[in-house]
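Owing to the predicted nature of the structure, the values given are computational and were not obtained by experimental measurement. Reminder, nothing fancy here: chain letters follow the sequence lines and each chain counts from 1.
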Amino acid sequence: MIDLRALREDPDRLRASQRARGEDDKVVDRLLDLDERRRSALTRFENLRAEQKTTGRSVSRSSGAEREELLARAKELSTQVKAAEAEAERLAEELDAAMAGVPNLIEDGAPAGGVDDYVVLEEVGTPPAFDFEPRDHLELGELLGAIDTERGAKVSGARFYYLTGPGARLELGLLNMAIAQALEYGLTPMIPPVLVKPETMAGTGFLGAHAAEVYHLPQDELYLVGTSEVPLAGYHADEILDGASLPLRYAGWSPCFRREAGSYGKDTRGIIRVHQFQKVEMFTYCRPEDAHEEHLRLLNWEKEMLAKVEVPYRIIDTAAGDLGTSAARKYDCEAWVPTQGRYRELTSTSNCTEFQARRLGVRYRDADGRPRYAATLNGTLGTTRWIVAILENHQRADGSVVVPAALRPYVGLDVLEPVNR
RNA sequence: GGUGGAGUCGCCUAGUGGCCGAGGGCGCACGCCUCGAAAGCGUGUGAAGGGCAACCUUCCGUGGGUUCAAAUCCCACCUCCACCGCCA
C-alpha cells in the first residue's frame, strides 16, 4: 500500500513510477478524485453524527412535548446519519480497492522497462573452462546419487524431486552455512509457519498480480508460502515496535511452495524450477531512512555467501517492470550455469520501503514518540537451486564434484563421488 | 469434533440502555519535595481519519441487528482457556 497523503502532495512521483513499470499512470487521477470525494463524504457523515449525539443526549434530559419534538428530530437524524455513513463507507471501499491495485513507488535510480531492461552492476569470478564435456546438474545429481526426479514425479508429480544421500547433505550443509553466517552478523534465526492466513499473504503483496503462483487450501482458508518473507513480514503485524530495537534482522529457514503456473515447459529438467524447495531468507525491519543502506548490506551478505560456494555470478539491478508489487528496488545475483551458458538467479534482495508495513500494520515509535510505518527488506542467503550451480561449476571429468572449501565442514565431505555408472 | 467459560486503554480491572463523552489501579513521562534517591503529592498518559486551527468522528475480539441512543440487549463468527472425544 502506498502512502495516500504523500500521493496527494506529489502525484507526479507516482505517475513517473507507474510509467517506469510500464503500467497505467491514469490511476493517479482516479485515486485523487476518489480520495477527494471520500473525504467530503466523511466530513458530511461526521457532522451529522455529532449533531445526532448531541440531540440524543438532550432527549434523555427532556420531557413532555419538548421530548417528543427532540425525539422526532433524532429519528430524522438517525436516517440521515445511516445514509451518510453508507456513502462514506462505499467511497472508502472503492478507494481501498483502487489503492490495493497500485504497486510500490520505485526507488530513484531503478532502471525503467521490463524483464530484459536490467542493468548489470558487477560480474564476479570467471566461468570455468572445462577440457571435457560438462554434465548438467541432473546428470551429475543422478550419477552422484544426490537427486532423484523420477521418484519425485512418481510420488508427487512433475517438478517434485528427492534429494538423496549426498544431495540431502549438500542442501543441509548449504543452509546450515547460511544460518551460521546469519548468526555471525547478529540475525535471529527463525523457523516460521509456512501456512498463513489470507491477510498475511495479501499484506506481503503476493495475492495481487502473482496470486496464481500461490498454493491455496480453501478448506482451511490458508495459503502455503512461497518464501519465509511472508511469515516473517507478518511476525510483527499490528505491532508498534520500540524504535530503539531497530533494525530487527531475522533469518528464516523454511520450505517454499510455488505453483509455477504459466511456466509450463520452462526448466522442466532437474531442480531449477520446482514446486517445493528450501530457503534461508534474511528479513529486516528498519527505519525508512535507513532502508537504502540496509538493502546494500543485505546484498553484501548475499555476495559473501556466493563467495563461499565459489561460483561465478553477476549482479543485476532489476528493471522497474520486473519488480514485484511490493518492491521499490531489487537486486538479483545470478550464478553461471555452464551447461546452459547463461546466468540463473540464485538470490534476490528487495527493498519494500513502507509498502508491506502499511498493509500489515507494522509500526515503530520514533524519537518524538509518534508511530511511523517501518520499512521491510528481504534477501536470499541460500536455496535448493544453489545446488545446481555448485554441482555444475565444481564438476570434474570423472563426474565427481569438489565441495567448495567453506562448505566442507557443513557437508562433511570434500568430494562427492559417482555411485551410479 | 463436542461441552462450558472468557475476550474493555501497554498490563490488571470497574462497568445490565442515556450521569461511559469509558472510571480505578499498576506501569510510564513530567513536575513538586530532596544534597541525591525512595516514598509521598500533582499533572499527563492509546490508535486511525478529517481540519490551518479550535476541534470533530471512529475504535470496548470481529461482523451484522434492535433502538432516537449500545461496552451494555439480540444473532453469527473469531481467538484464548478448561474438560471430553478422535488422531499422531
Look at Gln52(A) and A69(B) and indicate whether a side-chain polar atom (N or O) is within less than 4.0 Å of OP1 or OP2. yes
Worksheet item: Are any of Lys53(A)'s side-chain N or O atoms less than 4.0 Å away from OP1 or OP2 of C20(B)?
Response: no
By nearest-heavy-atom nucleotide on RNA chain B, the more 5' of Arg8(A) and Lys75(A) is Arg8(A)
Rounded to whole Å, CZ of Arg370(A) lies from P of U45(B) at a distance of 13 Å
Checklist entry - Expressed as a whole number of Å, how far does the C1' atom of U13(B) sit from that of A22(B)? => result 13 Å
Is the ring centre of Tyr215(A) less than 6.0 Å from the ring centre of Tyr223(A)? no
When rounded to whole Å, the CZ to C1' distance for the pair Arg73(A) and A69(B) reads 15 Å
Inset, instruction - Remember a base hit wins even if backbone is also touched, and classify Leu71(A) as base, sugar-phosphate or nothing at under 4.0 Å, heavy atoms. - result: base
When rounded to whole Å, the CZ to P distance for the pair Arg365(A) and U45(B) reads 14 Å
> Are any of Arg49(A)'s side-chain N or O atoms less than 4.0 Å away from OP1 or OP2 of U58(B)?
Replying inline: yes
Original post:
Within 45° of the axis and under 6.0 Å from the centre of the six-membered ring of Tyr373(A), does NZ or CZ of Arg358(A) qualify?
Top reply: yes
query: Between Tyr285(A) and His236(A), does the ring centre distance come in under 6.0 Å?
result: yes
When rounded to whole Å, the CD to P distance for the pair Glu199(A) and C78(B) reads 13 Å
Return no unless some side-chain N or O of Arg44(A) is found under 4.0 Å from OP1 or OP2 of U57(B). no
* A69(B) phosphate, OP1 or OP2: any side-chain N/O from Ser78(A) under 4.0 angstrom? -> yes
To the nearest angstrom, the CZ-C1' distance between Arg39(A) and G49(B) comes to 11 Å
